[in-house]
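What you see is a predicted model; the values in this text were computed from it and never measured. Heavy-atom basis, side chains included; hydrogens, waters and symmetry copies ignored.
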Amino acid sequence: MKHAAFHADDAQPGICQSRVRRRGRLHQPEPDWLAEEVPVALVYNGISHVVMMASPKELDVFAVGFSLSEGIIASPTDIYGIDIVPARQGLEVQVELSSRRFMGLKAQRRALAGRTGCGICGVEQLDEIGKPLPSLPFTQRWPLAQLDRALAQLPEVQPIGRLTGCTHAAAWISPEGDLSYGAEDVGRHVALDKLLGMRARRGETPGAVLVSSRASYEMVQKAAMCGVEILFAVSAATSLAVEVAERCGLTLVGFSKPGRAMVFTHPTRIVEDVS
């Protein structure tokens with residue numbers, strides 16, 4: 001049976017309310033919060049490029065981060081304007097690119113229909129999966145002793161997640177263990193793109209990315225495309241993620257949980273705990 005969801009007057013973007021029945025009291029429906037998941041189309045200069053399932057919030061920074069992590073732009077200045085407009089079945093994020101970047105996009109355009117958790121949906125040929133990645137510099141070291149502090153702050157960027165238990169988070173954490181800023185979304189890739197868009201707009205500062213999910217190859221690829229040197233993932237890493245991280249020089253740390261971490265690649269950026 002389909003839920004009859006309704007928006008509460010004081011609800012923030014990305015959540016709605018529905019009546020649910022809990023185990024032990026199925027006879028008594030009660031209200032509960034749900035995370036919204038809507039189709040979001042990224043439209044460049046009038047041409048639809050990709051449709052992703054996402055939370056309907058912070059879509060301007062999502063557009064910036066996606067455009068950077070996919071190599072569509074080299075800098076936020078390549079985007080002249082962003083408009084978010086309702087569409088028949090979702091939302092359109094209309095991005096105005098510079099002529100040079102739009103010509104480049106048309107030359108390499110792929111027809112991509114994404115879905116939550118999707119990695120390479122719609123790629124037309126196997127050769128299109130891997131992007132040429134920059135060799136990352138080694139400019140910083142991150143003290144592992146500060147990881148627990150950063151992890152404790154991760155829920156601060158998940159107001160929807162705290163209500164629904166249904167979002168992923170991506171955050172920028174400083175070497176002192178402070179959570180500088182972050183984003184959440186029903187899709188882990190979208191949450192990371194939102195964070196990368198925020199980072200591009202705010203300016204690069206020393207630190208690392210912390211994601212609440214596993215680390216797939218695409219998460220590593222997106223981070224590397226935006227010059228991120230260190231990626232902490234709360235869950236595991238895939239074999240291809242480790243391979244890509246090793247090749248491009250990214251430090252990949254999985255199972256990032258209180259009192260625990262597993263460094264998969266380039267450990268020289270990580271400072272060991274001091275007992």
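Residue pairs meeting the salt bridge (Lys or Arg N to Asp or Glu O under 4.0 Å) criterion with at least one partner in residues 154-171, sequence neighbours excluded, do not occur; the list is empty. Identified under the salt bridge (Lys or Arg N to Asp or Glu O under 4.0 Å) test for residues 40-66, with sequence neighbours left out: K57-E184, D60-R201. Contacts classified as salt bridge (Lys or Arg N to Asp or Glu O under 4.0 Å) and involving residues 252-269 (residues at least two apart or in different chains) are given here: E229-R269.
Looking at heavy atoms from C-beta onward, L250 lies out of side-chain contact with H266 at the 4.5 angstrom threshold. Within the 4.5 Å cutoff, no side-chain heavy atoms of V40 are placed close to those of M53. Residues P13 and P56 have side chains not in contact (no heavy-atom distance under 4.5 Å, counting atoms from C-beta outward). Taking the side chain as every heavy atom from C-beta outward, R202 and W172 never approach each other to under 4.5 Å. Under the 4.5 Å side-chain criterion, counting only non-hydrogen atoms from C-beta, M103 is not in contact with R101. In this structure, the side chains of I173 and L210 come closer than 4.5 Å at one or more pairs of heavy atoms. Side chains of L196 and M225 form no contact here, defined as non-hydrogen atoms less than 4.5 Å apart. W33 places none of its side-chain heavy atoms less than 4.5 Å from the side chain of I160.
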**Message:** Applying side-chain contact (heavy atoms from CB on, under 4.5 Å) to Q28 and R21, what does each step give before you reach the verdict?
**Reply:** CA-CA 6 Å; Q28 183 179 354; R21 298 172 186 268; over 6 Å; no
**Asked** Is there a side-chain contact (heavy atoms from CB on, under 4.5 Å) between V253 and W142 once you walk through the steps?
**Response** CA-CA 11 Å; V253 184; W142 214 93; over 6 Å; no
**Request:** Kindly determine whether L195 and V61 satisfy side-chain contact (heavy atoms from CB on, under 4.5 Å), including the steps that lead there.
**Result:** CA-CA 8 Å; L195 174 70; V61 289; over 6 Å; no
**Message:** Show, in sequence, the C-alpha distance, side-chain angles and deciding distance for L147 and L151, and conclude whether the side-chain contact (heavy atoms from CB on, under 4.5 Å) test is met.
**Reply:** CA-CA 6 Å; L147 179 59; L151 286 165; 3.9 Å; yes
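The main-chain N or O of L97 is found under 3.5 Å from a side-chain atom of N45 such that the two form a donor-acceptor pair. Although no hydrogens or angles enter the test, the distance criterion places no donor-acceptor pair under 3.5 Å between the side chain of T251 and the main chain of P267.
Summarising the geometry, atom CZ belonging to F66 is positioned 13.0 Å from atom CG belonging to L59; distances are rounded to the nearest 0.5 Å. Rounded to the nearest 0.5 Å, atoms OG (S256) and CG (D148) are 10.0 Å apart. Considering CD1 of I270 and CD of Q140, their distance stands at 9.0 Å, rounded to 0.5 Å. Separation of atoms CD (E243) and CG (L252) is listed at 12.5 Å; rounding is to 0.5 Å. Here the straight-line distance linking atom OG1 of T167 with atom CD of E37 works out to 12.0 Å at 0.5 Å rounding. Taking CE from M52 and CG from D193, the interatomic distance works out to 7.5 Å, rounded to the nearest 0.5 Å.
Across S212 and A169, no two heavy atoms sit closer than the pair OG-N, 2.8 Å. For the pair Q153 and G177, the tightest heavy-atom approach, listed with the atom from each and the gap, is NE2-O, 2.8 Å. Residues C226 and E204 share a closest heavy-atom pair of O-OE2, 4.3 Å. C166 and A35 make their closest contact through CB-CB, 3.9 Å (heavy atoms, listed as atom of the first residue, atom of the second, distance). Heavy atoms only, all atoms of each residue included: Y44 and A63 are closest at OH-O, 4.3 Å.
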For residues 81-96, please give each side-chain donor-acceptor pair under 3.5 Å, one per line with the distance, not counting sequence neighbours.
from: E92; atom 1: OE1; to: Q94; atom 2: NE2; distance (Å): 3.1

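Both F102 and L42 are assigned to one and the same hydrophobic cluster, defined by single-linkage of ILVMFWY side chains at heavy-atom distances under 4.5 Å. If you chain together hydrophobic residues whose side chains sit under 4.5 Å apart, Y181 and L231 fall into the same group. The hydrophobic clustering, which links ILVMFWY residues whose side-chain heavy atoms are closer than 4.5 Å, places I73 and F62 together. If you chain together hydrophobic residues whose side chains sit under 4.5 Å apart, L240 and V211 fall into the same group. In the hydrophobic cluster analysis, where Ile, Leu, Val, Met, Phe, Trp and Tyr join through side-chain heavy atoms closer than 4.5 angstrom, M198 is grouped together with L192.
By the side chain to side chain contact (heavy atoms under 4.5 Å, CB included) test, S216 pairs with R188, H189, R214, E218, M219, sequence neighbours left out. D178 pairs by the salt bridge (Lys or Arg N to Asp or Glu O under 4.0 Å) definition with R149, not counting sequence neighbours.
Ion pairing between E70 and K222 holds under the 4.0 Å rule for side-chain N and carboxylate O.
For the side chain to side chain donor-acceptor pair (under 3.5 Å) test with D185, the passing option among K194, H168, Q158 is K194; the others fail.
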